[in-house]
Amino acid sequence: MTKQTLPNTKPIMGRIIKKWEECEDTFGFLIDIPVKVKGAKPGQFIMLWIPGVDEYPIGIADFENNVLEIGVSKMGVGTEAMINKNIGDLVGIRGFYGKPFQPPNKVNHLIIGGGFGMTPLKLLTTYLLLREEKEEIHIFEGARSKNRLMYLDWFQNLHDQKKLVFHVSTDDGSYGYKGFPTVDLEDFLQKSETPSVIYAAGPERMMKVIFDIGKKYQKVIDMQMSFADRYMRCGFGLCSYCAVDPTGWRICVDGPIFNAKQIEQIEDFGNYRRIETGEKQRI
Amino acid sequence: MTKQTLPNTKPIMGRIIKKWEECEDTFGFLIDIPVKVKGAKPGQFIMLWIPGVDEYPIGIADFENNVLEIGVSKMGVGTEAMINKNIGDLVGIRGFYGKPFQPPNKVNHLIIGGGFGMTPLKLLTTYLLLREEKEEIHIFEGARSKNRLMYLDWFQNLHDQKKLVFHVSTDDGSYGYKGFPTVDLEDFLQKSETPSVIYAAGPERMMKVIFDIGKKYQKVIDMQMSFADRYMRCGFGLCSYCAVDPTGWRICVDGPIFNAKQIEQIEDFGNYRRIETGEKQRI
Amino acid sequence: MELETTVGSIKLRNPLILSSGILGTSYSTLQRIYEAGMGAVVTKSIGPRARKGNPNPSIFALQEIKSVINSVGLANPGYKVFREDIEKLIENKIPTIASVFGENETEFVEVLEGLKDLHILAFELNLSCPNIEKGGTQIGTNPETVFNIVKKIRSITSSPIWVKLTPNVNNIIDIAEAAVKGGCDALVAINTLKAMVIDIDAQIPILGYKRGGLSGAAIKPIGIRYVYDLFENFGEKIPIVGVGGISRGEDIIEYLLAGANAVQIGTALGVAYPENMIKFFQMRIKKYMKEHTIEKISELVGGAHK
Amino acid sequence: MELETTVGSIKLRNPLILSSGILGTSYSTLQRIYEAGMGAVVTKSIGPRARKGNPNPSIFALQEIKSVINSVGLANPGYKVFREDIEKLIENKIPTIASVFGENETEFVEVLEGLKDLHILAFELNLSCPNIEKGGTQIGTNPETVFNIVKKIRSITSSPIWVKLTPNVNNIIDIAEAAVKGGCDALVAINTLKAMVIDIDAQIPILGYKRGGLSGAAIKPIGIRYVYDLFENFGEKIPIVGVGGISRGEDIIEYLLAGANAVQIGTALGVAYPENMIKFFQMRIKKYMKEHTIEKISELVGGAHK
Ligand SMILES: Cc1cc2nc3c(=O)[nH]c(=O)nc-3n(C[C@H](O)[C@H](O)[C@H](O)COP(=O)(O)OP(=O)(O)OC[C@H]3O[C@@H](n4cnc5c(N)ncnc54)[C@H](O)[C@@H]3O)c2cc1C
Ligand SMILES: Cc1cc2nc3c(=O)[nH]c(=O)nc-3n(C[C@H](O)[C@H](O)[C@H](O)COP(=O)(O)OP(=O)(O)OC[C@H]3O[C@@H](n4cnc5c(N)ncnc54)[C@H](O)[C@@H]3O)c2cc1C
Ligand SMILES: Cc1cc2nc3c(=O)[nH]c(=O)nc-3n(C[C@H](O)[C@H](O)[C@H](O)COP(=O)(O)O)c2cc1C
Ligand SMILES: Cc1cc2nc3c(=O)[nH]c(=O)nc-3n(C[C@H](O)[C@H](O)[C@H](O)COP(=O)(O)O)c2cc1C
Ligand code: FES
Ligand code: FES
């Protein structure tokens, strides 16, 4: 009965077998992990260890056999160290951690995000496309400008194949609609009559806006959002540096994906995050 | 590949559910072990812990589901403490340890022993009786006098049912033939023409005599003997207090059952044993 | 059958206490864990000012031995900020023990002065963290320093003072003696064991701080040993809180029998469903008490000393 | 690719050494284990006279954490009797390290005097057994005592002297410093950790001696830490032999990277087929060296210090 064991291991070293510039300041990597690992679900993440530098959470973009695809955006020393790695280099991986997106059936799937938030959304898209159900999938991606759109070709391709609808926007209008993707989303919601679920991953302030939009529409039957704006140490629920108030939920195991009912209870959402000291900081 | 793990646990507490005087100074016990344990093979032993007193090796007489039958002969403080235990009392058990008897097919099985050596021989007999093969089973049990014959009724019964031949002897002639069981065995060997395997368990000096007898007969294709005259601490091959020279075999894991080819190499056989200090002592 | 226990003057609804540094950075996680059925909770160790702690990796699991190594290095927001969390806990009637650390006596005093007005259940002095350069185990291995700090804190507050001991010592009794003489109200043993893990492919220590502390199942036999030693030495003279490697209800009973009046649990609660773990712990203890016809936890305390 | 290594002036065919107290009571088991492929073997610790050791249970496994607890208590036949076993080993060309213990300096001297004429590979001074009343860790936790004993033994024999350290200390460096100053030729770390296991049904400690020492996988992160600390402190000044919890080839590499010139393996060889284990260890090391294009063991030693 008390069979709950530690859900993870020390970092397992994987070798970078492919690296490409996905968009400005963001690189894609394929990493070969030399041990059997169970498949990742969309929304889950790994702790990525750059030996001698740092370890931090990174979402999973794709996964096949023992090869993992991730996308890393330059933020500071840790992510930069990864971006400076080359094919053949070793990095450590622990995971897969966290609760995944849980898309229901018979709804429109409205997937919205930006920046490295597109990483779990890519895997979610792959996952939805593999399902039997013929549901509409809409992607709403936004970025400052064209050269910061992640997986642009990948989504565009799927759009061209009529597998999904790719709504793309840039703040500067250099690609797609000019403006925020939230505007696009709201446009869509006004027109659509099908029950929908919104999946979001991106800056928390943007997710907050999405959440407020979604609440206005009854046809939005759920919203599932990835909380990636939290500092993590352990990744498996031990330390609580990633926790949100007042629920005491840990982003790493109780999240990172929360549904609308849960998000409603998270007062910190869009307002506060903890930093390394455990102190809360305004987002 | 390196999957060899520690083959055991800390003592598991079992409850005495039956106790009977098997013969003079020797008691039988049924012990209920509250966890699933894999079946014991004839010749294997347990480490029996009498809390607060001592822990020592004890052979397995029988086994069904989670109930273990053992027989304990009074030797010193440790065995006396067990004999003073009553129904409902708890004792610790680790095991099963050691290599079992490995009876081949299509031979006569000549089982010879005395004292608590009859314990593994009882399980061996049960095991042989369950086999399909119709082979002759001969039991040669000896003791000082009738009241020191272990499992007398049990073997006599099997003899009466014509399931085996029970050759019984006492030094004082109070039951069966008068004399040593080895004389009986040699008598039998002279007359028999079938290939035979001898299985022995009892005082090492007696086993030595048996070994010398057996060697004289080509029809004795193997001899398997249980070494129970060795001090044990760990029971699983770590400490070497039970080891024999010059082979460095540990009675607890490389034995306690050795075959004729092995016994030939054990110079200590019938000559030396180690005591608690590790010092060798003449047997 | 009652699960209540006492640690000196403190009454707990059951002997399960969340140990310091696990799920203890926010009032909300502490409250969540308490509400799942613990007897009390201990906060992350709080120092005089904000500390970033050590770089990541700072916590990972050693699954093979059901253990964890960490070098968090007392990352904490400082008592001025964390006061608010404690206040919320007290407001919500959560029996809260504030873990406090400092690099020296002055720092301990500063933190205590800053928190002593709170109606805390107890202050736990962390004299035993292996993961910081100054203070840490250095403080906790010197009987004189321990005596002085405890005595000083004793003069500041009338709240119960618990002293958390390190196992990384020649002789834990000397240190405990000093703490008791200094006037503490309970001994808490043990903190983590000095440890390290090296990755053989990267060929460097994995932890960002290189060195860390070992917790979890691997250290249980060590914790049991020290609690037993302490109880043998002090008997009823001072309550003991047992910590280290508890991962099953059985382990809690083992600590009680060794001499603990209550236990702290850390690593084992760092799981997806700590609520279930806590339920399992309680069920197991109740089952054991029923089987052994034990009415009160106190009947078990020190039961292995005969 | 070569597996050869050196510990000071001693050359070993590979870095695997059987540690003291495991399969070390008889020349025959020592020979068997050496012939299975070890680089050298250490005898059970030998004292001035026969010792019965502690009552049983004195060794059992803690499967959950792949470890063992023991309280053998230095049961040994005394050097006068055990001399014969050592002589046989030397005769058979087995590189043999004699582990020696005493309750005080005089006893250490007596044993050394009694064995120093033998062409032993080295004497290992066991200053660290947690399972005896007198001597044991008490000796090994006092720098002055350590210095005096090592210095005295140094004056008696020109054979290499290894000093085995206990992890049950405030500061292993102080003790190591004393041993080095006393003139030892290598440091061996670590011995077992003070521990205890209580049976909750019997409600007593399981070991006959109650207290014991923890060995096996649980203590590996602790052993690695101390070897790393020693190497960081002494560098090339003194060779280090790493011990504690090795159960896979990877663990051996981890110790080498931490700073060990060779390793000792105990608990992991207490299995039905130690020969297979030794083969596995060697295969794993060779595979690693091949993958990392390492030619000699010495390239690995201390490799994690960058
Ligand atoms: C669940 C989750 C999934 C994520 N997925 C991705 C992804 O797929 N791709 C990607 O590029 N980024 C992802 N991130 C964000 C990524 O972890 C941070 O960008 C990264 O840690 C920054 O580290 P740095 O050293 O480069 O920057 P720093 O200069 O150290 O910090 C920049 C920002 O990152 C935050 N950060 C630093 N360390 C951590 C940490 N250990 N845990 C969380 N945040 C930290 C800082 O608080 C700060 O806000 C994810 C974060 C989370 C929580
Ligand atoms: C493989 C094996 C199977 C055995 N099976 C049985 C059995 O089924 N029934 C039975 O009654 N006895 C059995 N024995 C013998 C039993 O273990 C000893 O009789 C018992 O240990 C005596 O303990 P004591 O304290 O009563 O006597 P002591 O007074 O302590 O000693 C009496 C004799 O038993 C030996 N002995 C003591 N402790 C141990 C120990 N830890 N290991 C081995 N020998 C020890 C002593 O060396 C001495 O020769 C077996 C022994 C072995 C090795
Ligand atoms: C991640 C982590 C952080 C810890 N932080 C602290 C701390 O701040 N103060 C403290 O006294 N102990 C701290 N500890 C030690 C624990 O409170 C506890 O003493 C130790 O982990 C042993 O218990 P366990 O095996 O149940 O985890 C920490 C332990 C871990 C694993
Ligand atoms: C049963 C047993 C007996 C031991 N006896 C001794 C001893 O006599 N002398 C000694 O120096 N170390 C002794 N040790 C300690 C080991 O040599 C070693 O230092 C320790 O077990 C850690 O290594 P391991 O984890 O590989 O076993 C003993 C260990 C065990 C398990
Ligand atoms: S990162 Fe430690 S609890 Fe979430
Ligand atoms: S009893 Fe320890 S090796 Fe056999």
Side-chain angles (χ1 to χ4, degrees), chain C residues 62 64-67 69 130 137-138 140-142 166-172 193-205 210-212 214 216-229 232 245 247-248 250-251 253-258 288 291-292 300 303-306, chain D residues 62 64-67 69 130 137-138 140-142 166-172 193-205 210-212 214 216-229 245 247-248 250-258 288 291-292 300 303-306:
Chain C
L62 303 169
E64 277 238 327
I65 53 171
K66 302 191 177 171
S67 296
I69 187 166
T137 47
Q138 283 170 344
T141 56
N142 185 331
T166 168
N168 301 297
V169 289
N170 297 346
N171 187 339
I172 204 166
L193 271 286
K194 289 184 188 174
M196 174 183 279
V197 175
I198 292 170
D199 184 86
I200 63 169
D201 288 314
Q203 303 194 330
I204 55 166
K210 293 181 179 155
R211 296 161 170 88
L214 187 67
I219 73 168
K220 195 197 66 180
I222 300 170
I224 291 288
R225 160 71 175 264
Y226 284 118
V227 168
Y228 188 94
D229 284 353
E232 188 174 87
S247 71
R248 300 166 312 172
E250 286 88 331
D251 302 335
I253 295 158
E254 198 177 344
Y255 268 105
L256 297 172
L257 292 169
Y288 177 89
E291 280 169 8
H292 292 254
L300 287 170
H305 296 258
K306 349 183 192 195
Chain D
L62 303 169
E64 276 236 328
I65 53 171
K66 304 196 175 167
S67 295
I69 186 165
T137 46
Q138 280 168 348
T141 56
N142 184 330
T166 169
N168 301 296
V169 289
N170 296 347
N171 187 340
I172 205 167
L193 272 285
K194 289 186 188 173
M196 175 184 278
V197 174
I198 293 169
D199 184 87
I200 63 169
D201 289 313
Q203 302 196 328
I204 56 165
K210 294 179 180 157
R211 296 162 169 90
L214 188 65
I219 73 168
K220 194 196 65 179
I222 301 170
I224 292 287
R225 161 71 176 264
Y226 284 119
V227 168
Y228 188 94
D229 284 354
S247 72
R248 300 167 310 172
E250 285 87 331
D251 303 334
I252 296 171
I253 296 159
E254 197 177 344
Y255 268 105
L256 296 172
L257 292 170
Y288 178 89
E291 280 170 9
H292 291 254
L300 287 169
H305 296 260
K306 356 181 188 193

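All values below come from the heavy atoms of this structure, side chains included, with hydrogens, waters and symmetry mates left out. Quick note on labels: first sequence line is chain A, next is B, and so on, each numbered from 1. The model shown is predicted, which means the values in this text are computed figures rather than measured ones.
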Out of [options], which one racks up the most heavy-atom pairs below 4.5 Å with chain C?
{"options": "Ile172(D), Ile253(D), Leu256(D)", "result": "Ile253(D)"}
{"options": "Asp201(D), Val197(D), Ile69(D)", "result": "Asp201(D)"}
{"options": "Ile198(D), Ile204(D), Ile224(D), Asn171(D)", "result": "Ile198(D)"}
{"options": "Lys306(D), Glu254(D), Lys210(D), His305(D)", "result": "Glu254(D)"}

Proximity breakdown for Ile219(D) and chain C, heavy-atom pairs closer than 4.5 Å: neither
Heavy-atom pair of closest approach, residues Ala304(C) and Pro205(D): O-CD, 3.5 Å
His292(C) to Gln203(D) - nearest heavy-atom pair and separation: ND1-NE2, 4.4 Å
Backbone of Gly212(C) reached by a side-chain donor or acceptor of Arg225(D) within 3.5 Å: yes
Donor-acceptor under 3.5 Å (Tyr288(D) side chain, Ile200(C) main chain): yes
Could you give the distance from [atom1] ([X]) to [atom2] ([Y]), rounded to the nearest 0.5 Å?
{"X": "Leu193(D)", "Y": "Asn168(C)", "atom1": "CG", "atom2": "CG", "answer": "9.0 Å"}
{"X": "Ile222(D)", "Y": "Ile222(C)", "atom1": "CD1", "atom2": "CD1", "answer": "4.5 Å"}
{"X": "Leu257(C)", "Y": "Asp199(D)", "atom1": "CG", "atom2": "CG", "answer": "9.0 Å"}

Contact leader toward chain D among Asn170(C), Asp229(C), Val169(C), where contacts are heavy-atom pairs under 4.5 Å: Asn170(C)
Part of Leu300(C) lying under 4.5 Å from any heavy atom of chain D: side chain
Contact class of Tyr255(C) relative to chain D, heavy atoms under 4.5 angstrom: neither
Just wondering, do [Y] and [X] contact through their side chains at under 4.5 Å, heavy atoms?
{"X": "Lys220(C)", "Y": "Glu64(D)", "value": "no"}
{"X": "Pro221(C)", "Y": "Ile65(D)", "value": "yes"}
{"X": "Val227(D)", "Y": "Met196(C)", "value": "no"}

